[in-house]
Protein chains: 2
Amino acid sequence: MAVSIPRTPESVTGKQQRTPRAFEMVVDHVEQSVLQGSLKAGDRLPGERELVNRFAVSRSSIREAMRVLESSGVISTRPGDPRGAIILPPTSDPLRKLMTKLAVFSRSSLADLLLYRMTLESAASSLAASRRSAGDLLELEKAMARMTQCLELGLEEFSRADLNFHDVVARISRNPMIQISGEAVRASIEDLIKGYLRESSEDRVLMHRTLHHHREVLEAIRSQDAHVAEHLARSSIFEYYGHLLGDSDRLAVAALASFGTPAGSVQ
Amino acid sequence: MAVSIPRTPESVTGKQQRTPRAFEMVVDHVEQSVLQGSLKAGDRLPGERELVNRFAVSRSSIREAMRVLESSGVISTRPGDPRGAIILPPTSDPLRKLMTKLAVFSRSSLADLLLYRMTLESAASSLAASRRSAGDLLELEKAMARMTQCLELGLEEFSRADLNFHDVVARISRNPMIQISGEAVRASIEDLIKGYLRESSEDRVLMHRTLHHHREVLEAIRSQDAHVAEHLARSSIFEYYGHLLGDSDRLAVAALASFGTPAGSVQ
DNA sequence: CCATATTTGTCCGTATGTATT
DNA sequence: GAATACATACGGACAAATATG
């Protein structure tokens with residue numbers, strides 16, 4: 001075979017200016033509409049055939065755009081629904097999936113996620129202590145009661161109630177980013193340690209100790225002591241997950257957990 | 001809202017299970033292959049027509065799967081490339097974009113974002129103080145020098161150098177999650193206040209004060225004083241952006257900024 | 001409850017521009 | 001430059017799911 005002159009395959013395409021694709025136009029337009037406010041959560045998109053007319057692209061391109069918007073949590077579609085795709089409220093679900101994937105890919109250790117979570121939980125608790133209303137305290141009490149009930153149902157059910165408590169605290173913080181990021185990292189941690197949690201004779205000890213820590217956090221939020229709430233939240237996470245870490249990681253996480261702990265605290 | 005505790009695990013299965021779609025099978029298979037290691041960065045996927053045979057689905061479904069995998073940063077496609085889609089190395093790019101989008105979609109206020117950022121920056125600085133190497137200090141010095149140079153170039157250039165400093169600190173923290181979230185929230189804040197930053201006679205005062213704060217943070221990291229670094233990072237953010245807040249928000253953010261500030265600190 | 005129309009999910013065929021050989 | 005293989009894009013078609021009367 002005659003040798004053809006190498007065409008420098010990458011140098012020509014080096015500028016990487018790919019022509020905008022049809023579905024990208026649709027995705028960008030929908031996203032812009034959402035952040036501009038003309039599309040709000042609960043609103044409906046026109047049907048696919050109508051979108052074909054609106055954007056003057058084929059139905060295949062419309063469908064590819066729907067899949068991308070769906071994967072990023074912007075919309076949700078159902079087969080046969082004549083009302084078309086629905087605009088979703090911002091949730092932590094796609095963030096959780098990406099976070100879990102990246103954690104596995106980058107060999108991000110459980111310690112990294114725990115440090116991140118401790119940071120978010122302490123901030124959420126601190127803000128919750130500052131901003132909680134009387135109704136918020138009722139919700140926290142309800143979450144506590146649910147945890148108490150789950151003491152008898154095993155560690156798995158208890159963990160669910162535990163996560164619910166943190167969800168409530170994050171909601172009370174009234175900071176969307178802290179709330180969403182917190183939900184994502186909590187779920188991501190659960191995904192990662194799923195299967196590693198098995199019944200142990202120390203489960204009851206762990207659950208009771210955790211319940212006690214959460215009670216302390218709740219009381220700090222009740223008395224609006226942001227400082228104490230912040231540090232209790234940190235140590236609470238460490239107490240619950242610390243035993244899953246290796247010695248080296250455990251020391252590093254413990255350093256942040258007990259960091260600046262005020263006198264008269266845990267331990 | 002009924003709050004009855006589910007007595008049986010079956011009640012959890014009450015969720016409507018939608019039939020798995022064709023493209024989801026392809027997405028899951030590729031993601032699993034990557035997670036499992038049978039597909040590594042740089043590997044090529046078969047062409048779309050070959051994938052049609054492998055998965056026994058239509059070309060449309062294959063293409064929808066490609067779009068989803070592309071949007072989550074797993075693969076990259078080029079029109080006309082006979083080698084097929086390429087597996088990308090895992091990056092934080094899609095996660096950062098998603099977080100930025102969430103910050104906008106969730107209608108987070110500047111105060112919300114600043115609180116979130118102060119939380120992350122303080123954690124990053126704290127970890128950086130614990131983990132910094134000698135080479136890390138050199139990088140920080142270089143970032144500081146760049147800020148000093150930008151003093152003469154106006155607030156916009158200075159802000160860029162400022163953000164670079166925080167990027168370096170976050171990288172030194174060696175926590176991917178904190179680093180990525182920090183990048184995302186910094187970008188979101190810049191987008192949000194773009195245009196609100198205009199030349200002011202107080203710019204030089206602001207820049208010099210900011211430079212001083214960053215020097216303090218650097219010295220805390222150098223002396224591995226995580227506690228001081230944590231609190232300095234918080235107050236540094238507030239000092240730089242606080243004047244953009246309304247009175248009510250400013251008080252709330254200031255509360256967290258000066259939170260537990262050790263004696264002999266700023267102000 | 002049943003029937004019908006509409007929509008989504010899926011598949012197939014075709015055309016066009018692009019990248020590689 | 002020519003040939004080949006590919007991604008992108010379009011339009012038509014059918015089955016399953018859904019809403020409405």
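Order of the sequence lines sets the chain letters (A, B, ...), proteins ahead of strands, with each chain counted from 1. Atom set for the values below is all heavy atoms of this structure, side chains included, hydrogens, waters and symmetry mates excluded. These numbers were taken from a predicted model, which means no experiment stands behind them.
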Visitor: Looking just at side-chain N and O atoms, do Tyr116(B) and Ser108(B) make a donor-acceptor pair shorter than 3.5 Å?
Guide: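 Not at all, the side chains of Tyr116(B) and Ser108(B) share no donor-acceptor pair under 3.5 Å.
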
Visitor: Looking at the side chain of Val57(B), which of dG9(C), dC11(C), dC6(D) is the nearest nucleotide?
Guide: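 Of dG9(C), dC11(C), dC6(D), dC11(C) is nearest to the side chain of Val57(B).
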
Visitor: Looking at dT18(D), I'd like to know if its phosphate oxygens (OP1 or OP2) sit under 4.0 Å from a side-chain N or O belonging to Arg83(A).
Guide: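 Arg83(A) to dT18(D) OP1/OP2: no side-chain N or O under 4.0 Å.
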
Visitor: Is there a donor-acceptor pair under 3.5 Å between the side chain of His214(A) and the backbone N or O of Thr210(A)?
Guide: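 Checked: pair present.
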
Visitor: Around Glu156(A), counting heavy atoms of other residues, nucleotides and ligands shown, do more than 12 lie under 6.0 Å from its CD?
Guide: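 Counting other residues, nucleotides and ligands, CD of Glu156(A) stays at 12 neighbours or fewer.
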
Visitor: Can you identify which nucleotide, out of dG9(C), dC6(D), dC11(C), has its nearest atom closest to the Arg67(A) side chain?
Guide: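 Output: dG9(C).
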
Visitor: Give a yes or no on whether a salt bridge exists between Lys97(B) and Asp93(B), defined as a side-chain N under 4.0 angstrom from a carboxylate O.
Guide: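 Result for this pair is yes, salt bridge flagged.
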
Visitor: Quick check for you: among dC10(D), dT10(C), dA19(D), whose closest atom lies nearest to any side-chain atom of Ser60(A)?
Guide: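 The closest nucleotide is dC10(D).
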
Visitor: Establish, with yes or no, whether the OP1 or OP2 oxygen of dA9(D) is under 4.0 angstrom from a side-chain nitrogen or oxygen of Arg59(A).
Guide: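 No, because none of the side-chain N or O atoms of Arg59(A) sits under 4.0 Å from OP1 or OP2 of dA9(D).
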
Visitor: With respect to the side chain of Pro79(A), which nucleotide from dA7(D), dC11(C), dA17(D) is positioned closest?
Guide: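 My answer, after comparing the listed nucleotides, is dA17(D).
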
Visitor: OP1 or OP2 of dT7(C) less than 4.0 angstrom from a side-chain nitrogen or oxygen of Arg78(A), does that happen here?
Guide: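 Answer no for this pair, as no side-chain N or O of Arg78(A) is under 4.0 Å from OP1 or OP2.
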
Visitor: Among Asp191(B), Thr100(B), Asp162(B), Asp167(B), which one satisfies side chain to side chain donor-acceptor pair (under 3.5 Å) with Arg186(B)?
Guide: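 Result: among Asp191(B), Thr100(B), Asp162(B), Asp167(B), Asp167(B) is the only option passing the side chain to side chain donor-acceptor pair (under 3.5 Å) with Arg186(B).
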
Visitor: Using whole Å, what does the distance between atom C1' of nucleotide dA7(D) and atom CD1 of Ile75(B) come to?
Guide: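 Rounded to the whole Å, the gap is 12 Å.
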
Visitor: Between Asp81(A) (CG) and dG9(C) (P), how many Å, whole number?
Guide: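 Rounded to the whole Å, the gap is 10 Å.
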
Visitor: At 4.0 Å (heavy atoms only), tell me whether Glu48(B) reaches a base, stays on the sugar-phosphate, or touches nothing.
Guide: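 Counting heavy atoms under 4.0 Å across all strands, the contact made by Glu48(B) includes a base.
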
Visitor: Here's a test of your reading of the structure: between Ala85(A) and Ala56(B), which maps to the more 5' nucleotide of DNA chain C?
Guide: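 It is Ala85(A), whose closest nucleotide lies nearer the 5' terminus.
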
Visitor: Give the rounded distance in Å between these two atoms: CZ of Phe55(A) and C1' of dC10(D).
Guide: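 In whole Å, dC10(D) C1' lies 17 Å from Phe55(A) CZ.
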
Visitor: Rounded to whole angstrom units, what separation is found between the CZ atom of Arg44(A) and the P atom of dT6(C)?
Guide: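 Taking CZ of Arg44(A) and P of dT6(C), I get 18 Å after rounding.
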
Visitor: For the pair made of CD1 in Ile62(A) and C1' in dG9(C), what is the distance, rounded to whole Å?
Guide: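 Result: 15 Å.
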
Visitor: Calculate the interatomic distance between Glu64(B) atom CD and dA7(D) atom P; express it in whole Å.
Guide: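 That distance rounds to 16 Å.
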
Visitor: From the options dT10(C), dA9(D), dA15(C), select the nucleotide whose nearest atom is closest to the side chain of Phe23(A).
Guide: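 Of the candidates, dA9(D) comes closest.
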
Visitor: Between dC10(D), dA19(C), dC6(D), which nucleotide gets closest to the side-chain atoms of Ser58(A)?
Guide: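 For the Ser58(A) side chain, the nearest candidate turns out to be dC10(D).
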
Visitor: Distance check needed: dC6(D) P versus Ile86(B) CD1, whole Å only.
Guide: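 It is 16 Å, rounded to the nearest whole Å.
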
Visitor: Within the 4.0 Å heavy-atom criterion, would you say Arg63(A) contacts the bases, only the backbone, or no part of the nucleic acid?
Guide: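 Contact class for Arg63(A): base.
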
Visitor: Please tell me if Ser61(B) has a side-chain N or O lying less than 4.0 Å from either OP1 or OP2 of dG9(C).
Guide: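 No, because none of the side-chain N or O atoms of Ser61(B) sits under 4.0 Å from OP1 or OP2 of dG9(C).
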
